[in-house]
Amino acid sequence: MEMQKTYDPKSFEDRLYKEWTEKNYFRAEVDPSKIPFTIVIPPPNITGQLHLGHALDNTIIDALIRFKRMQGYSALYLPGCDHASIATEVKIVEEMKREGLTKQDVGRDEFLRRAWAWKDKYGGRIVEQLKKMGVSADWSRLAFTMDERCSKAVREVFVNLYEKGLIYRGDRIINWCPSCKTALSDAEVEYSEDASFFWHLKYPVKDSDEFIIVATTRPETMLGDTAVAVNPKDKRYEHMVGKTLVLPLVGREIPIVADDYVDMEFGSGAVKITPAHDPNDFEVGLRHNLEVIRVMNDDGTMNANAGKAYEGMDRFAAREKIVEDLKACGALVKIEPHAHNVGHCYRCHSTVEPIVSKQWFVKMAPLAKPAIDAVVRNKIHFTPERFSKIYYNWMEGIKDWCISRQLWWGHRIPVWYCGDCGETIVSKTDVDTCPHCGGKNLKQDEDVLDTWFSSALWPFSTLGYPEKTADLDYFYPTDVLSCGYDIIFFWVARMIFSGIEHTGKVPFRDVLLHGIVRDEQGRKMSKSLGNGIDPLEVIDEYGADSLRFALISGVAPGNDSRYSRSKVEAMRNFMNKIWNASRFVIMNAEGEEICALGEVKLTAADKWIVSRLESCIKEVTLNMGKFELGIAAGALYDFMWSDFCDWYIELSKSALYGEDAGKKKGALAVLCFVLENALKLLHPFVPFITEEIYQNLPNTSGSIMISDFPRYNSKLAYKKEAKAFEGVMDIIKAVRNIKTSVNCPPSKKVKLFVASQNRRLISSNAAAIMKLAGVSGIGFVESAAEIGERTASQVTEGCTVFVPLGELVDLEKEKARLAAESERIQGEIARAEGKLHNRGFVEKAPKNLVEAERAKLEKFIEMREKIEKQIKDLS
RNA sequence: GGAGGCAUAGCUCAGUUGGUUAGAGCGCUCGCUUCACAUGCGAGAGGUCGUAGGUUCGAGUCCUACUGUCUCUACCA
């Protein structure tokens, strides 16, 4: 077939994806004759479309999956989406707002109908985007956190945890978002520093002239104060403990209590205690049996407990009014500027209010312990290793997990309350009769579960848990979990303890973390900055392979990277390079018989490129195994561009266009062999272009994606031969170098003379030298004197090359060039001598290194002598 | 407050258990209509590897301190 001159991904990417799908290549079968290899997708939220972070996720995972599939594993990439409870609900509320509707207007059923419609629309879009990326996911197993299977797992887990006493319901301080009107987990709160104030307040002691000064950053909460605490060791307040204070504005009498929580050094050493609105105060309240008075409604306005003067006011308006009123009654001592970290909702960014509320919690301590152990005992390994420390840090200090959300979109909590007898029924299946009193007056808990509750089960819920399915048995535990380090706590940690608790096995063996893809200036991509990049637009312009290779190359695990257009462009150029190299091979192979490598006689150049290929196979395989995809990709880039294109293809031309039929046959065999293998090595990274070319190669059949990944073959390593051939390459480089230095155009043919011990190697590669260096003929000499013409010369490791250029050679410039070279060599000699004169080095360093150093020294000394001779000959 | 990352060429970054002459892309300079590719070819310039110590025969790589920078985490009223 005729290949286009330039790489045009649009002409084949969609077609090939369709072909792969139709042939069912992505489907992973439960096949006892194969070893399973499983990765579950970090399920994208159905809130919108994919961004570059997803593109990176999926490139890494798809590369690993394709690599393993080619290596003969039953490789499963399990795709799916996350319902993203709060994030999606926020979106739908926004959408309804544009129609002038609220949740309450439409009711729960209609709201959920809209949510499912949203899911169908955006979930479908995400799948299409993943396909554009070339992801080889098993779409027959496409999952959704709220589908029947995952929902069943959620109920199973909830009930089991409840029965084990690991889920409880209680009044605790939680993070409340007054805008989303729901509780949030600790992980869902983002802190940022806001400029604020410390308000110092004076609370008078009852029936006395004494008073206590307390400071607060949230003055409106003083309406709910039920005590003031001091440190029991604090001499200043010793006499006041047990006395009563009169709360300004409110008039409530509150006790002074002693509690270790109070830091004597900080502020006045006295703390106002508001158990309903502060987590620490809540604990103090429990210890001292204090009343819990909530002064705020769920929407952030003040409630009746706040008193008539403030009831109904927004929390921030109330704050201003209260400060004014305190000032008026003389209770405000001073206002001090204070930079304060304020919590914000991670979805809507409203200021979060710590509020006491009745919520469902998961008891974390018993779950955290085995989850820590699993990593300590290396049942799960983090790459990079350092993230295990971050994981420990979080797991060890973990608090109970608030899992109930006052939302509608999500897994409704499987708990029913009997209106007749008050019984609480926790059940895996829907309940309509009270098992205690037989009454029918049952009401299901209104709340839904934290979205991460279901994602925590993802590696096994998607495989069929709690049923004992063949999939679960075969593909679980999964092998690698790859995602950004920003969701270690939200997701990775929770999957680990959930997997261990519910399946008795770790959910995966390796955690591969990648960094954040930032913009060109190193900023995080965000909607507010408008600096987000749509992967689809990049694919449209440059092709999926270019994007994939750009995302993966030059990036180390766990490190942030920057997206830049110029990088994608560079990789598109690389794709074009691959394309054209292949075009060259295919064009030359047209109508020719392609022999297997074993059927032809290999030249030195042939052995060299085969040798380079073998080391590339070794390096790629090794680094894929270590998750060093960036290094593997780099090795391929260099091999393909520098070794194969710049050198071997050029070398092959003299054989291809020459008269010797045997040599031509040999070159064709090698070209096809090397290209085929290189394409296979590249395929996990750039699936489309490699498939398109592979199917057009004369020596292949079928699809590259189900072909065998190349294996290192020591018989083809040709180490000695390759090394020897590099001597020929050095000669070519030397001639080019000389030509450039005397401003001789590359195309102008020159005569070449060589002084060398290895004339056979040079004469057998004469054609290559003449072609690549632009040489008209090669002669052998012992010294420059024999040439009888002015020459420019260069010394290589094995020989000296002379190029007679007559008047073109500027004697002074040539001398200077040789002197500079001599100086460089002299530096090397000094370095090597220094090492070898060091007794410690000679005695302690590995023998091979010492030997290598000796050989180097010898070589450099020889080179120096030759250069000096050249300099002498010139003068 | 606690923890971690990063600091290597003008820019963006690699550098895998310490061991060739520290690499790449982009940019820059010079030269090329060489029969796959100008999305290209050839030849170059450019780095005291943040600072100061230490370990070692040997440090970009390991240790300590410092400086700068980014991030996570906690949330002291």
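Keep in mind the model is a prediction, meaning the values are calculated, not measured. Just so we're on the same page: letters track the sequence lines, and every chain starts at 1.
In this structure, the CD1 atom of A/Ile586 is 14 Å from the C1' atom of B/C37, given to the nearest Å. Rounded to whole angstrom, the span from the NE2 atom of A/His344 across to the C1' atom of B/U73 amounts to 16 Å. As a whole-Å value, the separation of A/Asp560 CG from B/C72 C1' is 11 Å. Rounded to an integer number of Å, the gap from CZ of A/Arg386 to C1' of B/A3 is 13 Å. If you take CD of A/Glu520 and P of B/G27, they are 13 Å apart, rounded to a whole angstrom. Look at CD on A/Glu853: it is 17 Å from P on B/C57, rounded to the nearest Å. Following rounding to the nearest Å, A/Asn588 (CG) and B/C35 (C1') show an atom-to-atom distance of 10 Å. Across the protein-nucleic acid pair, A/Arg583 atom CZ and B/U39 atom P stand 14 Å apart, rounded to whole Å.
To the nearest whole angstrom, the two C1' atoms, one in B/U55 and one in B/U61, are 14 Å apart. Rounded to whole Å, the separation between the C1' atoms of B/C63 and B/U20 comes to 26 Å. To the nearest whole angstrom, the two P atoms, one in B/U8 and one in B/G50, are 6 Å apart.
The shortest distance between side-chain heavy atoms of A/Met525 and A/Asn531 falls below 4.5 Å.
Residue contacts shown for A/Trp199 are absent, as no nucleic acid heavy atom lies under 4.0 Å away. Within 4.0 Å of A/Val262, counting heavy atoms only, lies at least one base atom of the nucleic acid. Contacts of A/Ala581 with the nucleic acid, taken as non-hydrogen atoms under 4.0 Å apart, include base atoms. Backbone-only engagement by A/Asn838 is indicated by non-hydrogen atom pairs under 4.0 Å involving sugar-phosphate atoms exclusively. Across all strands shown, A/Lys856 has heavy atoms under 4.0 Å from sugar-phosphate atoms exclusively, and none from any base. Looking at heavy-atom distances under 4.0 Å, A/Lys567 makes no contact with the nucleic acid at all. A/Phe489 comes within 4.0 angstrom of sugar-phosphate atoms only, judged by non-hydrogen atoms across all strands, and of no base. Residue A/Asn623 is in base contact, counting any heavy-atom pair closer than 4.0 Å across all strands shown. A/Tyr191 comes within 4.0 angstrom of a nucleotide base, judged by non-hydrogen atoms across all strands. Backbone-only engagement by A/Gly554 is indicated by non-hydrogen atom pairs under 4.0 Å involving sugar-phosphate atoms exclusively. Looking at heavy-atom distances under 4.0 Å, A/Lys739 makes no contact with the nucleic acid at all. Within the nucleic acid shown, A/Ser561 has no heavy atom closer than 4.0 Å to any nucleic acid atom. At a threshold of 4.0 angstrom between heavy atoms, the contacts of A/Lys399 are confined to the sugar-phosphate backbone, with no base atom among them. Note on A/Arg572: a base of the nucleic acid sits closer than 4.0 angstrom, heavy atoms only.
Closest to the side chain of A/Arg736, out of B/A43, B/A77, B/A36, is B/A43. When the nucleotides B/G19, B/C41, B/C57 are ranked by their closest atom to the side chain of A/Pro846, B/G19 comes out on top. Closest to the side chain of A/Tyr261, from the set B/A36, B/A77, B/A38, is B/A77. Checked against B/A43, B/C72, B/A3, the side chain of A/Thr740 finds its nearest nucleotide in B/A43. If you check B/A43, B/G4, B/U71 against the side chain of A/Arg518, the one that comes closest is B/U71. The side chain of A/Lys626 approaches B/U16 more closely than any other nucleotide in the set B/U16, B/G42, B/A3. Closest to the A/Phe198 side chain, of the nucleotides B/C72, B/A77, B/A43, is B/A77. The side chain of A/Asn580 lies closest to B/A36, out of B/A36, B/A77, B/C75. Residue A/Phe266 places its side chain closer to B/C76 than to any other of B/C76, B/U16, B/C37. The side chain of A/Tyr657 sits closest to B/C35 out of B/U39, B/A74, B/C35.
In terms of phosphate contacts, A/Asn573 brings a side-chain nitrogen or oxygen within less than 4.0 Å of OP1 or OP2 of B/G40. Dashed line: the shortest gap from a side-chain N or O of A/Asn280 to OP1 or OP2 of B/C76 is under 4.0 Å. Put simply, A/His340 has no side-chain N or O that comes within less than 4.0 Å of OP1 or OP2 on B/C76. Phosphate proximity of B/G44 to A/Lys733: absent, as no side-chain N or O sits under 4.0 Å from OP1 or OP2. Side-chain nitrogen and oxygen atoms of A/Asn559 include at least one within less than 4.0 Å of the OP1 or OP2 phosphate oxygen of B/A14. The side chain of A/Tyr392 contributes no N or O atom lying less than 4.0 Å from OP1 or OP2 of B/U73. Contact check, A/Lys653 against B/A36: a side-chain N or O comes under 4.0 Å of OP1 or OP2. Listed pair A/Trp641 / B/C41 meets the phosphate criterion, a side-chain N or O lying under 4.0 Å from OP1 or OP2.
Side chains of A/Lys272 and A/Thr221: a donor-acceptor N/O pair is present below 3.5 angstrom, by distance only.
Using a 30° and 60° split on the angle between ring planes, A/Tyr346 and A/Phe490 fall in the parallel class, below 30°. Taking the six-membered ring where the residue is Trp, A/Tyr657 and A/Phe584 present perpendicular rings, their angle passing 60° and hence far from 30°.
Interface remark: the A/Asn576 side chain does not form any donor-acceptor pair with the B/C37 base, using a distance-only criterion of under 3.5 Å. Residue side chain A/Glu650 reaches the base of B/A36 through a donor-acceptor N/O pair under 3.5 Å, judged by distance alone. Judged by distance alone, with hydrogens and angles left aside, A/Arg562 brings no side-chain donor or acceptor close enough to the base of B/U12 to form a pair under 3.5 Å. Below the 3.5 angstrom threshold, one finds a donor paired with an acceptor across the side chain of A/Lys577 and the base of B/C37.
RNA chain B contains the following stems of three or more consecutive Watson-Crick or G-U pairs, with both distances under 3.5 Å: B:1-7 with B:67-73, B:10-13 with B:23-26, B:28-32 with B:40-44, B:50-54 with B:62-66.
Residues A/Leu697 and A/Leu679 come closest through the heavy atom pair CD1-CD1, 3.8 Å.
Ion pairing between a basic and an acidic side chain is recognised when a charged N comes within 4.0 Å of a carboxylate O; A/Lys859 and A/Glu862 show no such pairing.
Both thresholds, 5.5 Å between centres and 30° between ring planes, are not jointly met by A/Phe841 relative to the base of B/C57, so the two rings are not stacked.
None of A/Val271, A/Leu245, A/Val262 except one satisfies the side-chain contact (heavy atoms from CB on, under 4.5 Å) rule with A/Val228; the exception is A/Leu245.
Mapping A/Ala556 and A/Arg839 onto RNA chain B by nearest heavy atom places A/Ala556 closer to the 5' end of the strand.
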